[in-house]
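Below: the structure, in structure tokens.
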Protein chains: 2
Amino acid sequence: MNTVIVGLGVIGGSFAMGLKRIGRGPVSAIDTNRDTLQKALDQGLIAAGDGDGSALLKAADLVILCIYPHSVPGFLNAHRDDFKPGCLLTDVTGVKSALAEELKGLLPTGVDFVLGHPMAGREKMGFDFASDAVFRGANYLLCPLLQTKEEHLRLVEELALELGFRRVRRISPQLHDELIAHTSQLPHAMAVALINSDRKGRETGQFIGDSYRDLTRIAKINASLWSELFLSNKEALLAAMEDFSAQFSLLKEAIRREDKDALRALFESSTTRREKLDE
Amino acid sequence: MNTVIVGLGVIGGSFAMGLKRIGRGPVSAIDTNRDTLQKALDQGLIAAGDGDGSALLKAADLVILCIYPHSVPGFLNAHRDDFKPGCLLTDVTGVKSALAEELKGLLPTGVDFVLGHPMAGREKMGFDFASDAVFRGANYLLCPLLQTKEEHLRLVEELALELGFRRVRRISPQLHDELIAHTSQLPHAMAVALINSDRKGRETGQFIGDSYRDLTRIAKINASLWSELFLSNKEALLAAMEDFSAQFSLLKEAIRREDKDALRALFESSTTRREKLDE
């Protein structure tokens, strides 16, 4: 299976490493950064690299798009005549409904697309921080579209499990985006707001425990990518943020009223729900 | 140095383990639970255990109070004639201003008190989950009062470092409580609100990444202890919560307006501030 990775950033690079590890070659890559391509060639991760890549795409059975969400439609448009009939495209972006909508009419006949979301990443960006170790034990979500072929869904599933992902689930783009709003985007928003709400001039770092460190790790964030992800999931994210704010207000009100029973009840609820999460 | 630990819960038990490991004996313990005392005796962690403990206190050079914050004044009152002149008391509770206030007039002459806060803990409670491994690398805060003797502050500092704490800092009870509101209580409130804001019936656990798991771990919370801690730090905690809400609203507003530049600026600020935290 001839695979082309588009975009050798932290995720694209991790895919290149993982595909090499499991012996799924040959892999080539398209990236606008020549140095990155050279590094990947030197490390034996790719067999060929190119800045434009039309020639590489013409021979590709599988194309893994590891570029920014807003670049996907443009890339498809620019290369619509380059895809081999029967080839499969898949992406890794974190929001799905908007892309599912944009794909309509963009796919050449005979080209299939599996919307995919490997729920693994790092706080750092760029090829130098790529590591397929982040895949191990993580979840991989697929959002089948009406026209997506079952054999192609199975192919990505198989690949994901071989790469070390623990579980591959299929859900609708809408449910995906609602869940991601709650489980990923909202936590990032919380971490950003937490660290931004620290009073300046305090040596906070000298006085923190693990929980603060854990909670704020994701406040180190790729500003370009995440502002894009937030805005492309506007409605679901705002709803999740409002739900959170309502619960946060319940805590504030209980403290303001010095209502110990109300506080205890909220803590007991969160304890039970968190325990259920680990089941 | 004859040490008595009052309360063999998860923290008291961890102190017993740590003191044994570093060879600072003999250690005895006061606990209302006979089974717990027996376990600690069986494990060779304590030389003696008692439910009331007046006799043990009379021989104690150092008393480590590992009981709930609200129980500290009552304990001091009940045992005011039991403390040996020159003995040192220290506590481990997470809020300091209220206790500093309550201590006035409660300490018998010749008895000193070092307000201490080992910033280490576990999500589980009780002796069975005690482990002095949680001390390793953690911060220990001391809040000297006007009458606290320098030699006693040094003694607790020394002990903390021997037990594996990385850093012991001295700060005022007021600053302690402000910092703790931001770095510990607020994160707990956020985690509780996050998990309580999940829509019921969704199989959220099937779709989460590490960040959600990390962020919500502390939503498994000792409801009795934390409702007490929250209320005893009411003003500082509400202020920290309001600061957070203001920052969270900035994010919400930027998303609502689809203001990508504003979002980017907030993310860039959090990234810079989080990087500074690790320095």
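Below, chain A is the first sequence line, B the second, and so on; all start at residue 1.
The candidate from B:Leu250, B:Ile195, B:Leu141 with the greatest count of non-hydrogen atom pairs under 4.5 Å with chain A is B:Ile195. Options B:Thr204, B:Asp261, B:Leu251 differ in how many heavy-atom pairs under 4.5 Å they form with chain A, and the most are formed by B:Leu251. When each of A:Ile180, A:Asp243, A:Asp259 is scored by its heavy-atom pairs under 4.5 Å with chain B, the top score falls to A:Asp243. When the candidates A:Leu237, A:Asn139, A:Thr272 are compared by the number of heavy-atom contacts under 4.5 Å with chain B, A:Asn139 comes out ahead. Taking A:Ala219, A:Gly205, A:Ala191 one by one and counting their heavy-atom pairs under 4.5 Å with chain B, the maximum is reached by A:Ala219. Contact tally against chain B (heavy-atom pairs below 4.5 Å) for A:Lys276, A:Lys200, A:Glu235: the top residue is A:Lys200. Looking only at heavy-atom pairs under 4.5 Å with chain A, the residue among B:Met119, B:Arg169, B:Glu268 that has the most is B:Arg169.
Listed here is the closest heavy atom pair of A:Ser269 and B:Asn196: OG-OD1, 2.8 Å. Nearest heavy-atom pair across B:Leu194 and A:His182 is O-CE1, 3.2 Å. Closest heavy-atom contact between B:Ala239 and A:Arg199: CB-NH2, 3.9 Å. Annotation for A:Tyr212 and B:Leu277: closest pair CE2-CD2, 3.7 Å, computed over non-hydrogen atoms. Considering every non-hydrogen atom in both B:Asp198 and A:Arg273, the closest pair reads O-NH2, 2.6 Å. Closest approach of B:Pro187 and A:Leu215 over heavy atoms only: CB-CD1, 3.7 Å.
Proximity to chain A (any heavy atom under 4.5 Å) is restricted, for B:Leu238, to the side chain, taken from C-beta onward. Using a 4.5 Å cut-off between heavy atoms, B:Ala138 does not touch chain A at all. Neither the backbone nor the side chain of B:His117 comes within less than 4.5 Å of any heavy atom of chain A. With a 4.5 Å cut-off on non-hydrogen atoms, A:Arg264 touches chain B through its backbone and its side chain both. When heavy atoms are compared at a cutoff of 4.5 Å, A:Ser224 approaches chain B by way of both its backbone and its side chain.
Using modelled atom types and a 3.5 Å distance limit, the side chains of A:Thr216 and B:Arg274 yield a donor-acceptor pair.
B:Phe230 contributes atom CZ, which lies 10.0 Å from atom CG of A:Leu266 (distance to the nearest 0.5 angstrom). If you take CD1 on B:Ile171 and CD on A:Glu203, they are separated by 10.0 Å, rounding to the nearest 0.5 Å. One finds the CG atom of B:Leu225 at 9.5 Å from the CZ atom of A:Phe267 (value rounded to the nearest 0.5 Å). Here CG of A:Leu231 is found 6.0 Å from CD of B:Glu258. Values are rounded to the nearest 0.5 Å. Separating the CE atom in B:Met241 from the NZ atom in A:Lys252 is a distance of 6.5 Å, to the nearest 0.5 Å.
For A:Phe248 and B:Phe244, the distance between ring centers is under 6.0 angstrom.
Heavy atoms from other residues, nucleotides or ligands lying under 6.0 Å from CZ of A:Arg154 number 12 at most.
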